[in-house]
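Every chain is numbered from 1 and lettered A, B, ... according to where its sequence line falls, protein lines coming before strand lines.
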Amino acid sequence: MSKTVTVGISDLSIVRAPDILVTYALGSCVGICLYDKIVKVAGLAHIMLPSSQVSSEETLNRMKYADTAIVDLVKRMSIFGAQQGRITAKIAGGAQMFAANSAIYNIGQRNINAVVEILQGLAIPIIARDTGKNYGRTVYFHANTGEVQVKSAAEGIKTI
Amino acid sequence: MSIKNYDELNPIHIDVLKELGNIGSGNAATAISSMLGKEVEMTVPAVSVLDYTKAIDFLGGPENIVAGMLVRITGDIEGMIMFILQEPFANAILKTFFEHEDIDMMALGENESSAIREIGNIMAASYVNALSQIGGRMINISVPSLTVDMLGAIMSVPAIEFGAVSDQVLFIDGTFILDNQSIKSNMILIPEINSLTSLLSSLGVDI
C-alpha cells in the first residue's frame, strides 16, 4: 500500500517508494521534484519566492524561498540515503496567472530562473519540466518510478 | 507601537474594517442592482484575518475552479484586491444578462468575460469609494484582470507579492441575495501594511 503525502505552500516533504507526494494548484509558485532512483527516495518542495534575501519576515520560513528550500531538501534527502550526485530534478509551475501589466507579474518566470540556477549550482540536472504559460498545475510525484504527473484544468493530465 | 503584521490588529481595528466593508458592500449591492436591473441585497460581511491556506480551504480547496479578479490599488492606499467568484455567483450573474443555461467556467466567451470583469470593476469601485468617503483617501484602481483556474493557483499571485512580509490577508466574506437566492461573494483585501495603519490612524483609531 502506498500513501500520499501532501506538500503545502512553502512546504517540503520526502518519501520513499511506493509513496506519492502531491502538491496542489501551483500558480506562480514552483514545485521542485528531486529523485534518487537507486534508493527510490523522492523529495518535493513548493516554493513561493526566488530568494530569501528579500525576506522581511520576523522568522524566516526557509521552505518559502527557492535558495533555502532546495538546499534543505537535498540535505534532508541524504538522511533518507539519497546521494546528491545521483539526484535528478523535474520542475513544474511558474505560471503567469494574470495578464501582464507590471514587472511583479513575471514572478513565475523569476521563480523558474532562480530554481534553474540553484539546481545548476548543486550540479543537479533538470531532466523534465512543465513550466511557465498561464495556468495552474497540481503535481503528483511517484517515488516508485520518479514519474511526475502534472494536472491542470486547461490541459488535463500529462506525465513528465 | 506600530503594526507590522495583520495578526496584530485588535478587535477595534477589525470593527473599523468591518464597517468599511459594510459600506462598501452596500455600495456594491446598489451598483450591481442597477447593472442587472433587479434588486440585489447584501448581508453584513464578515471580516477576518486569515492565513492564505485557511482562506483557500474556506473557499473550497486549492483545486476549486473559480473566477479570480485582480485589481491593483494605488494612491494613498497601496495594495491589491482579489475577488473570488464561485461558479454559482458567476452563473447567476450571467443568466441575468444572457438568459442562457449554466455556463462552463473554463470556456467563457468574450461577452461573459466582460460581464464578469464589469462586476469586478463595480465591486472594487464600491469598496474603494467607501475608503474615500470615510477615510478621505485618494485611491486609484486598475482595470480588473480576470483568470478562471484553480483557486490555489490564483491565490498564489497575492500570496507571492506580499509573501516576503506576511502570509496573512484580510478576508471579507459576504453574501448577496439575488432572486431570493443567497450567493457567496468573497473578497481578499491585501493593503500594504503601512497604508492600513495610516488609514486607521486617519480615522482616529489608536494603533
Least distance between heavy atoms, [X] atom then [Y] atom:
X	Y	result
B:Ser145	A:Ala99	OG-N, 3.5 Å
A:Ala25	B:Pro62	CB-O, 3.4 Å
A:Phe98	B:Gly68	CE2-O, 3.4 Å

Check: Using non-hydrogen atoms only, which part of B:Ile56 is less than 4.5 Å away from chain A: side chain, backbone, both, or neither?
Finding: side chain
Next item on the list: Sort B:Ile154 into side chain, backbone, both or neither according to what part of it lies under 4.5 angstrom from a heavy atom of chain A.
Entry: both
Checklist line | More than 12 heavy atoms of other groups within 6.0 Å of A:Glu155 CD | finding: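 Enclosed: over 12 neighbouring heavy atoms sit under 6.0 Å from CD of A:Glu155.
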Note to self: Taking CD1 in A:Ile127 as the centre, count heavy atoms belonging to other residues, nucleotides or ligands within less than 6.0 Å. Is the count above 12?
What the structure shows: yes
Side-chain heavy atoms of [X] within contact of [Y], under 4.5 Å:
X	Y	result
A:Met97	B:Asp149	yes
A:Ser28	B:Val157	yes
B:Glu63	A:Lys151	yes
B:Met106	A:Tyr135	no

Check: Roughly how far, to the nearest 0.5 Å, is the CG atom of A:Asp11 from the OG1 atom of B:Thr53?
Finding: 10.0 Å
Check: CD1 of A:Ile107 to CD of B:Glu161: how many Å apart, nearest 0.5 Å?
Finding: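 With rounding to 0.5 Å, CD1 (A:Ile107) is 8.5 Å from CD (B:Glu161).
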Note to self: Which residues pass the side chain to side chain donor-acceptor pair (under 3.5 Å) test with A:Asn134, not counting sequence neighbours?
What the structure shows: none
Margin query: Which atoms of A:Leu26 are under 4.5 Å from chain B, going by heavy atoms: the side chain, the backbone, both sets, or neither?
Written below: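 Only the backbone of A:Leu26 comes within 4.5 Å of chain B.
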Next item on the list: Under 4.5 Å, counting heavy-atom pairs only, tell me which of A:Leu49, A:Asn111, A:Ile9 racks up the most with chain B.
Entry: A:Leu49
Check: What residue in B:Ser156, B:Ala107, B:Gly61 has the most heavy-atom pairs under 4.5 Å with chain A?
Finding: B:Ser156
